[in-house]
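Accompanying notes for the structure given below.
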Amino acid sequence: MDAHGGGRRAGRRRRRRRARSLAPSLPPMPVDYERIRDVGPDRAASEWLLRCGAMVRYHGQERWQKDYNHLPTGPLDKYKIQAIDATDSCIMSIGFDYMEGLQHVEKIRLCKCHYIEDDCLEKLGKLENLQKSVLEMEIISCGNVTDKGIIALYHLRNLKYLLLSDLPGVREKENIIRAFKTALPSLELKLDLK
């Protein structure tokens, strides 16, 4: 028995509980710009996205990459991210600099991303490479997103399809429809908002 009368197992349980309670207070990992320079933007972004629980699909491949330990190896310029599925992931604003050099992303799905806020979407909309490449986007059940963040997506000038669903912070549906009809007349906008 240990000093608290619980034996070894109880001591381990207390240590685990204490460690878990400290985890949420840890600061988010900063962007590793040296890693981006060393391995290229697609590999560095893949690593960040997979560490956060997202998935990526590369050009010419049908299979989604989910496991960080099974990222493909080979020439750094061979694997270009075509699609990102961030369902239930913990991606947040601080890591969006990893996406700056991505030139081939055509589809982004943000579903149940609790850390996605307006500033994330504003950053996305300002990334010049994504402004040219993104064709489809889905934002579903991201509770911290408001009209301000959605409107910022009008910068994605080649966007052809946008699905917005279950976004309680989005209140001005008519303004969103009007803004996108003006900025992106060929956009197929699907709204499932209350």
Side-chain angles (χ1 to χ4, degrees), residues 41-50 52-66 72 79-93 95-170 172-194:
D42 288 274
R43 176 65 187 217
S46 296
E47 291 173 356
W48 170 68
L49 288 160
L50 270 59
C52 291
M55 299 185 295
V56 297
R57 192 178 68 228
Y58 299 109
H59 267 278
Q61 296 189 357
E62 294 297 317
R63 195 171 55 97
W64 286 89
Q65 290 291 328
K66 305 177 225 191
Y79 297 99
K80 302 294 183 186
I81 297 175
Q82 180 180 22
I84 297 169
D85 184 343
T87 299
D88 287 319
S89 72
C90 63
I91 63 172
M92 63 179 70
S93 180
F96 272 61
D97 285 358
Y98 278 109
M99 299 174 76
E100 190 169 338
L102 302 180
Q103 298 179 7
H104 305 279
V105 177
E106 295 175 1
K107 182 175 183 176
I108 299 174
R109 184 170 206 260
L110 304 173
C111 179
K112 299 178 190 169
C113 298
H114 302 295
Y115 300 108
I116 292 293
E117 299 173 333
D118 292 340
D119 63 329
C120 300
L121 299 181
E122 290 169 354
K123 276 187 179 182
L124 249 173
K126 290 178 182 173
L127 296 175
E128 287 185 36
N129 289 325
L130 294 183
Q131 288 176 359
K132 298 174 196 169
S133 69
V134 174
L135 304 174
E136 297 178 34
M137 191 153 185
E138 298 176 358
I139 305 173
I140 305 163
S141 301
C142 297
N144 294 320
V145 171
T146 70
D147 303 78
K148 180 182 173 189
I150 298 300
I151 295 292
L153 297 175
Y154 83 89
H155 292 292
L156 301 174
R157 60 182 173 264
N158 289 319
L159 195 62
K160 302 291 181 222
Y161 175 81
L162 177 61
L163 169 65
L164 304 174
S165 177
D166 188 27
L167 301 171
V170 175
E172 309 271 336
K173 283 183 4 183
E174 291 76 27
N175 287 346
I176 288 174
I177 292 168
R178 200 172 23 258
F180 280 110
K181 278 193 179 190
T182 303
L184 302 168
S186 63
L187 174 69
E188 179 185 349
L189 180 61
K190 290 203 172 184
L191 300 176
D192 182 16
L193 305 170
K194 293 181 170 97

Practice problem: Report yes if the side chains of L124 and M137 come closer than 4.5 Å at any heavy-atom pair, otherwise no. | Solution: yes
Quiz prompt | Pairwise distance CG(L102) to CG(L49) - rounded to 0.5 angstrom | solution = 8.0 Å
Quiz item: Counting only N and O atoms by type, is there a donor-acceptor contact under 3.5 Å from the side chain of S165 to the main-chain atoms of I140?
Solution: no
Quiz item: Of all heavy-atom pairs between A54 and A86, which one has the smallest distance, and what is that distance?
Solution: CB-CA, 3.7 Å
Practice problem: Give a yes or no answer on whether the side chain of K123 reaches the backbone of S93 with a donor-acceptor pair at less than 3.5 Å. | Solution: yes
Quiz item: Sub-3.5 Å donor-acceptor pair from the side chain of D42 to the main-chain atoms of I81, do we have one?
Solution: yes
Quiz item: Given the rule in the salt bridge (Lys or Arg N to Asp or Glu O under 4.0 Å) test, do R43 and E47 qualify, once you have shown the distances and angles that lead to the verdict?
Solution: CA-CA 6 Å; R43 176 65 187 217; E47 291 173 356; 2.9 Å; yes
Exercise. Walk me through it: do I151 and L121 pass the test side-chain contact (heavy atoms from CB on, under 4.5 Å)?
Key: CA-CA 9 Å; I151 295 292; L121 299 181; over 6 Å; no
Quiz item: Using the ring of each side chain (for Trp, its six-membered ring), is Y98 parallel, tilted or perpendicular to W48, with breaks at 30° and 60°?
Solution: parallel
Quiz item: Any side-chain heavy atom of L153 sitting closer than 4.5 Å to one from V134?
Solution: no
Exercise. Provide the closest heavy-atom pair for S141 versus D166 in the form atom of the first, atom of the second, distance.
Key: OG-OD2, 2.7 Å
Self-check item: Side-chain touch Y79/S46, heavy atoms, less than 4.5 angstrom
Solution: no
Self-check item: Heavy-atom pair of closest approach, residues G53 and S89
Solution: C-CB, 3.7 Å
Self-check item: Pairwise distance CD(E136) to CD(E188) - rounded to 0.5 angstrom
Solution: 9.0 Å
Quiz item: Taking only residues two or more places apart in sequence or in another chain, which ones pass side-chain contact (heavy atoms from CB on, under 4.5 Å) with K181?
Solution: I177
Self-check item: Listed once per pair and sorted, the salt bridge (charged side-chain N to carboxylate O under 4.0 Å, His left out) pairs that draw on residues 146-160, sequence neighbours left out
Solution: E122-K148
Self-check item: E138 versus K107, closest heavy-atom pair with distance
Solution: OE2-NZ, 3.9 Å
Quiz item: Checking side-chain contact (heavy atoms from CB on, under 4.5 Å) against Y58, which of Q65, H104, K80, Q82 comes through?
Solution: Q65
Practice problem: Evaluate the side-chain contact (heavy atoms from CB on, under 4.5 Å) criterion for residues I139 and L163: first the C-alpha distance (whole Å), next the side-chain angles of each, then the deciding distance (0.1 Å), finally the verdict. | Solution: CA-CA 6 Å; I139 305 173; L163 169 65; over 6 Å; no
Quiz item: Roughly how far apart are K112 NZ and C142 SG, rounded to 0.5 Å?
Solution: 10.5 Å
Exercise. Using a 4.5 Å cut-off on heavy atoms from C-beta on, say whether the side chain of L162 contacts that of L156.
Key: no
Quiz item: Does anything in residues 136-170 pair up under ring pair (Phe, Tyr, Trp, His ring centres under 6.0 Å), and if so which pairs, sequence neighbours excluded?
Solution: none
Self-check item: From CD1 (I84) to CD1 (I91), nearest 0.5 Å
Solution: 7.5 Å
Quiz item: Is any side-chain heavy atom of V170 less than 4.5 Å from a side-chain heavy atom of T146?
Solution: no
Practice problem: Hey, could you give me the NE2/CG distance between H114 and D88, rounded to the nearest 0.5 Å? | Solution: 6.5 Å
Quiz prompt | Approximate separation, where rounding is to 0.5 Å, of S186 OG and L159 CG | solution = 9.0 Å
Quiz prompt | Any donor-acceptor N/O pair, N158 side chain to L135 backbone, under 3.5 Å | solution = no
Quiz item: Looking only at atom types and distance, does a side-chain atom of N129 sit under 3.5 Å from a main-chain N or O of E100, one as donor and one as acceptor?
Solution: yes
